[in-house]
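To keep things clear, I will list the structure first and then write my remarks on it.
As a basis for the values below, the full set of heavy atoms in this structure was taken, side chains included, without hydrogen atoms, waters or symmetry mates. Counting starts at 1 for both ligands and their atoms, following the listed order.
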Amino acid sequence: MLKIVVCVSGGGTNLQAIIDAIDNGAIKNTEIVGVISNNANAYALERAKVKNIPAVCISPKDFETRDLFNEALLAGVHEFAPDLVVLAGFLVNIPPQMVADFKDCIINIHPSLIPSFCGKGMYGLRVHEAALERGVKVTGATVHFVDDGTDTGPIIFQKAVEVKDGDSAKELQQRVMEEAEWVILPNAINAIANGEIKIGGDR
Ligand code: GAR
């Protein structure tokens with residue numbers, strides 16, 4: 001059984017996609033042992049509670065320094081003793097120590113086709129605004145392992161999504177979630193849980 005901790009910041013639709021995929025058997029041999037949010041008001045916390053999944057908020061607002069927050073976040077993750085940490089819309093920079101402690105055991109969902117529209121400051125709606133501004137005809141989502149950089153780790157799955165004329169950033173975000181994120185994130189977890197993924201170098 002792969003024990004996963006899911007880190008969230010907002011609505012938690014990706015968390016919901018994982019919960020649903022475990023319930024309907026699309027993700028096998030996997031248990032969500034905990035949910036961590038940096039935001040006390042995240043609806044994702046409600047989604048966890050409904051399913052009786054232990055859920056905690058660890059907010060930077062409750063700590064005097066970033067280092068103290070990082071320590072608490074790391075301790076919070078260790079407490080659940082997960083095999084895999086899933087960043088599902090977790091809009092916080094992961095402390096380097098967490099990347100070291102969970103080497104090759106952290107994955108992230110990003111709402112673009114990396115290496116487009118990624119890196120520092122590119123998260124949430126901004127990614128889709130940038131894609132619309134550039135006028136791309138195709139965008140998508142990427143699930144990847146997390147390394148020391150921002151959105152630089154080995155790519156696991158990507159899925160393309162059409163940009164339609166007149167799309168708003170919100171409309172594009174919704175289509176990317178429905179057609180790509182909610183598909184490839186559960187697929188990646190299932191593949192890892194069932195030994196289908198191996199990391200070699202940057203692949
Ligand atoms: C998702 O679109 C996810 O790809 C994005 O935040 C959203 C969270 O939605 N993550 C990033 O931008 C990370 N760089 P959700 O809370 O409904 O899952």
Side-chain angles (χ1 to χ4, degrees), residues 4-22 27 32 34-51 53 55-60 73 84-95 98-99 106-134 136 138-163 167-189:
I4 66 172
V5 159
V6 184
C7 297
V8 294
S9 295
T13 63
N14 279 286
L15 169 64
Q16 192 65 53
I18 298 167
I19 291 171
D20 293 346
I22 291 174
I27 298 180
I32 306 176
V35 167
I36 297 178
S37 172
N38 63 307
N39 167 12
N41 299 318
Y43 185 66
L45 288 170
E46 298 302 319
R47 296 180 191 271
K49 278 178 201 151
V50 167
K51 296 295 291 183
I53 299 166
V56 294
C57 170
I58 303 172
S59 166
L73 179 62
L84 182 73
V85 178
V86 179
L87 309 181
F90 191 52
L91 307 182
V92 160
N93 285 326
I94 297 303
M98 188 157 144
V99 178
I106 307 176
I107 62 171
N108 178 52
I109 182 78
H110 183 78
S112 75
L113 294 173
I114 290 174
S116 290
F117 312 116
C118 64
K120 285 212 166 74
M122 276 293 181
Y123 58 84
L125 211 54
R126 290 186 197 187
V127 177
H128 305 290
E129 285 164 357
L132 289 174
E133 199 168 303
R134 183 62 186 85
V136 293
V138 173
T139 184
T142 303
V143 57
H144 63 93
F145 286 101
V146 173
D147 66 7
D148 290 335
T150 305
D151 303 327
T152 50
I155 290 171
I156 304 170
F157 293 133
Q158 292 188 300
K159 193 164 187 290
V161 173
E162 186 191 355
V163 180
D167 265 348
S168 67
K170 285 219 154 153
E171 285 165 337
L172 185 56
Q173 179 182 49
Q174 186 65 24
R175 190 176 317 114
V176 168
M177 283 178 156
E178 284 173 12
E179 294 184 10
E181 296 185 40
W182 302 342
V183 178
I184 63 174
L185 184 58
N187 282 352
I189 295 168

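Residue H110 places at least one N or O, backbone or side chain, under 3.5 Å from an N or O of ligand 1. Ligand 1 has a nitrogen or oxygen under 3.5 angstrom from a nitrogen or oxygen of T13. Taking any N or O of N14, backbone or side chain, at least one lies under 3.5 Å from an N or O belonging to ligand 1. Residue contacts with ligand 1: G124 is placed with a nitrogen or oxygen under 3.5 Å of a nitrogen or oxygen of the ligand (distance criterion only). In terms of polar-atom proximity, G89 is not counted as a contact of ligand 1, lacking any N or O under 3.5 Å from an N or O of the ligand. Geometrically, ligand 1 and Q173 share no nitrogen or oxygen pair separated by less than 3.5 Å.
The closest approach between V8 and ligand 1 stays at or above 4.0 Å for every heavy atom of the residue. The closest approach between Q16 and ligand 1 stays at or above 4.0 Å for every heavy atom of the residue. In this structure, G12 counts as a contact residue of ligand 1, since one of its heavy atoms falls inside 4.0 Å of the ligand.
Of the candidates A141, A42, P111, G119, it is P111 that places a heavy atom closest to atom 11 (C) of ligand 1.
Atom 9 (O) of ligand 1 has its closest protein heavy atom at M177 CE, 3.2 Å.
In summary, the atoms of ligand 1 found under 4.0 Å from a heavy atom of E181, numbered by their order in the structure, are 1 (C), 2 (O), 3 (C), 4 (O). Residue-ligand proximity, I109 to ligand 1, at heavy-atom distances under 4.0 Å covers atoms 4 (O), 10 (N), 13 (C). Close approach of ligand 1 to M122 is summarised as follows: ligand atoms under 4.0 Å from at least one heavy atom of the residue are 14 (N).
A distance of 12.0 Å separates CD1 of I184 from CD of E179, quoted to the nearest 0.5 Å. The line from CD of E133 to CZ of R126 is 13.0 Å long, rounded to the nearest 0.5 Å. For the atom pair N14 CG and N108 CG, the distance stands at 10.0 Å (nearest 0.5 Å).
Using a 4.5 Å heavy-atom cutoff, the side chains of K170 and L125 are in contact. Looking at heavy atoms from C-beta onward, V6 lies out of side-chain contact with L87 at the 4.5 angstrom threshold. In this structure the side chain of V161 never reaches within 4.5 angstrom of the side chain of V138, judged on heavy atoms. A 4.5 Å side-chain heavy-atom check between H144 and P154 finds every atom pair outside the cut-off.
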Decide side-chain hydrogen bond (donor to acceptor under 3.5 Å, both in side chains) for T152 and D147; before the verdict, give the C-alpha distance in whole Å, the side-chain angles of both, and the deciding distance to 0.1 Å. CA-CA 7 Å; T152 50; D147 66 7; 2.5 Å; yes
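The proximity of L91 to ligand 1, defined as any non-hydrogen pair under 4.0 Å, is limited to the side chain.
Between the side chains of S59 and N38, not a single donor N or O lies within less than 3.5 Å of an accepting N or O.
The only member of I106, I36, V99, I94 that meets side-chain contact (heavy atoms from CB on, under 4.5 Å) when paired with V85 is I106.
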